[in-house]
Amino acid sequence: MKNIKSMIFLFSLCVAYHGHAQEKQLLTFHEYLNNVKNSNISYLAEKYNVDIADANIKAAKIFPDPELSVGYANNQNWDLQMGYGVDAELSWRLELGGKRKARVRLAQSEKELTGALLEDYFRNLRADATLAYLAALKQKRVYELQKSSYKQMLGLAHADSLRLRAGSIMEVDARQSKLEAATMLNDLYASEGELKDMLVQLQLLQGNKTMELPDSIAGDLFFVKREYNLHELITTAQNNRADLQAALISKEVSQNNVRLAKANRAIDLGLSIGGGYSSVVRNEIAPAPAFKGVTAGISIPLKFSNTNKAELRAAQLAATQSEMQYQAIELQIAAEVTQAYNRYNVASRRVEQFDTALLNEAETIYKKKVYSYDQGETTILDLLNAQRTYNDVQVNYIETLYDCVAALVELERACGIWNMDVKQ
């Protein structure tokens, strides 16, 4: 009885271990995008720009440092008995014209610009990552199609070898089917290599340093027609696009640069206060008692440099330039949305025009050719032509479907919206 229980226990362990060993690592689209957002190395590096901008704001708030100077004087001719003196002075530059306020305002607007640029960077990263995932799905589907075709041709080659022994077909037909199976196997290996290359690209986008490839990726290409209004899309893009928001903030940065340039033209006062001590002078000609003194002063710079307005002029021209750049980006966005909208409509019509009955017809013809070949009613060349036609139609449909989904991604990228998903 104990032996039976032990055998059952060992059997259970083996089944559990086997099931665990057979468990495949499947990468889903949501998991993939989440990894891209949290672990993409380039995106993480871009995030440091926000921290740098924060540090620049703190640096802009710093007041000028005071300066302390100490002096000592002594007549080295001791016979004259002129004594010695010690003095100290504390000076500080008082900024006028609102320089500090202008610096802080400029640093704050630059931080807002950095945040908008980071958001725009992620907008493009997310779209590029999605296109890479869709391309991998397309290649996965092509690979599965080629694998299925190879298995069918391999089975046909085995059947032909038996028929050759039975004398029902000629040797050239058996050789042809065997050669075709070998050719398909080479194509299958090449397709598998392309799929693995794409999986490596997905790992790179996820910031996966180990480069351990998943066994497969979840999802499939699918098409659902979406209706859009072009004018509404353009308005949405102009409201949502982070690069346009960045251009708008860039105008504010330029204006703050002008304010800072104007503030820098104001004079700065130098304030100082100090004290000194002179020891007793015992010289017989000009004796003097020891004394202490206090000094205070204000230094006013003579701003002859203000006659040169090059810095202010450059800041004003940069502000005008940023206004023109904003208008250019606004126009560019409208053009990008229009182009993406047109490409999506064309791609959608191609998918709709690609009658699924054509797929069924190609499959039906291929199956009938296989049956006819088995009955000896058609040649091996006719069968191979039917199979190539069937494969070409399938691949063409996969390519068309991918082009349509990719066009939708580009349209959403151009509009600054995101509701993409992959059929699981």
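Worth saying up front: this structure is predicted, and the values here are computed from it rather than measured. In what follows, every heavy atom counts, from backbone to side chain, and hydrogens, waters and symmetry copies are set aside.
At a threshold of 4.0 Å, the pair Glu399-Lys138 counts as salt-bridged, since one of the basic side-chain nitrogens sits closer than that to a carboxylate oxygen. Using a 4.0 Å cut-off between charged side-chain N and carboxylate O, Glu412 and Arg123 make no salt bridge. Salt bridge annotation for Asp54-Lys111: present, with a cationic side-chain nitrogen under 4.0 angstrom from a carboxylate oxygen. A salt bridge between Lys147 and Glu144 is absent, with no side-chain N of the basic residue lying under 4.0 Å from a carboxylate O of the acidic one. Using a cut-off of 4.0 Å between Lys/Arg side-chain N and Asp/Glu carboxylate O, Glu323 and Lys251 are scored as salt-bridged. The pair Arg175-Glu171 meets the salt-bridge criterion, since a charged nitrogen lies less than 4.0 angstrom from a carboxylate oxygen. Using a 4.0 Å cut-off between charged side-chain N and carboxylate O, Glu180 and Arg388 make a salt bridge.
Taking CG of Asp215 as the start and CG of Leu26 as the end, the distance is 8.5 Å to the nearest 0.5 Å. Atom CG of Asn34 and atom OG of Ser39 lie 8.0 Å apart (nearest 0.5 Å).
Of all heavy-atom pairs between Val104 and Ala60, the closest is CG2-O, 3.7 Å. Scanning both residues, Asn240 and Cys415, for their nearest heavy atoms gives CB-O, 3.8 Å.
The list of ring-ring contact (aromatic ring centres under 6.0 Å, His included) pairs with a residue in residues 87-123, not counting sequence neighbours, reads Tyr43-Phe122.
Under a 3.5 Å cut-off, the side chain of Asn385 and the backbone N or O of Leu381 do form a donor-acceptor pair.
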Show, in sequence, the C-alpha distance, side-chain angles and deciding distance for Ile365 and Thr389, and conclude whether the side-chain contact (heavy atoms from CB on, under 4.5 Å) test is met.
CA-CA 9 Å; Ile365 293 175; Thr389 301; over 6 Å; no

Evaluate Asp128 against Arg413 for salt bridge (charged side-chain N to carboxylate O under 4.0 Å, His left out), listing each step before the verdict.
CA-CA 9 Å; Asp128 291 338; Arg413 186 214 296 257; 2.8 Å; yes

Could you go step by step and tell me if Leu137 and Val405 meet the side-chain contact (heavy atoms from CB on, under 4.5 Å) rule?
CA-CA 11 Å; Leu137 285 179; Val405 181; over 6 Å; no

Between Arg350 and Asp403, is the salt bridge (charged side-chain N to carboxylate O under 4.0 Å, His left out) condition met? List the steps.
CA-CA 9 Å; Arg350 287 182 60 200; Asp403 291 342; 3.6 Å; yes

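Using a 4.5 Å heavy-atom cutoff, the side chains of Gln201 and Tyr133 are not in contact.
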Compile the donor-acceptor pairs under 3.5 Å between side chains in residues 255-270 and protein atoms, sequence neighbours left out, one pair per line.
residue: Asn256; atom: OD1; partner: Arg259; partner atom: NH1; Å: 2.5
residue: Asn256; atom: ND2; partner: Arg105; partner atom: O; Å: 3.4
residue: Asn256; atom: ND2; partner: Ser109; partner atom: OG; Å: 3.1
residue: Asn256; atom: ND2; partner: Glu252; partner atom: O; Å: 3.3
residue: Asn264; atom: ND2; partner: Leu260; partner atom: O; Å: 3.2
residue: Arg265; atom: NH1; partner: Asn306; partner atom: O; Å: 3.3
residue: Arg265; atom: NH2; partner: Asn306; partner atom: O; Å: 2.5
residue: Asp268; atom: OD1; partner: Leu96; partner atom: N; Å: 3.3
residue: Asp268; atom: OD1; partner: Lys99; partner atom: NZ; Å: 2.7
residue: Asp268; atom: OD2; partner: Arg93; partner atom: NH1; Å: 3.1

Under 3.5 Å, which donor-acceptor pairs do the side chains of residues 182-199 form with other protein atoms, sequence neighbours left out?
residue: Thr183; atom: OG1; partner: Leu179; partner atom: O; Å: 3.0
residue: Ser191; atom: OG; partner: Gln139; partner atom: NE2; Å: 2.8
residue: Ser191; atom: OG; partner: Gln146; partner atom: OE1; Å: 2.9

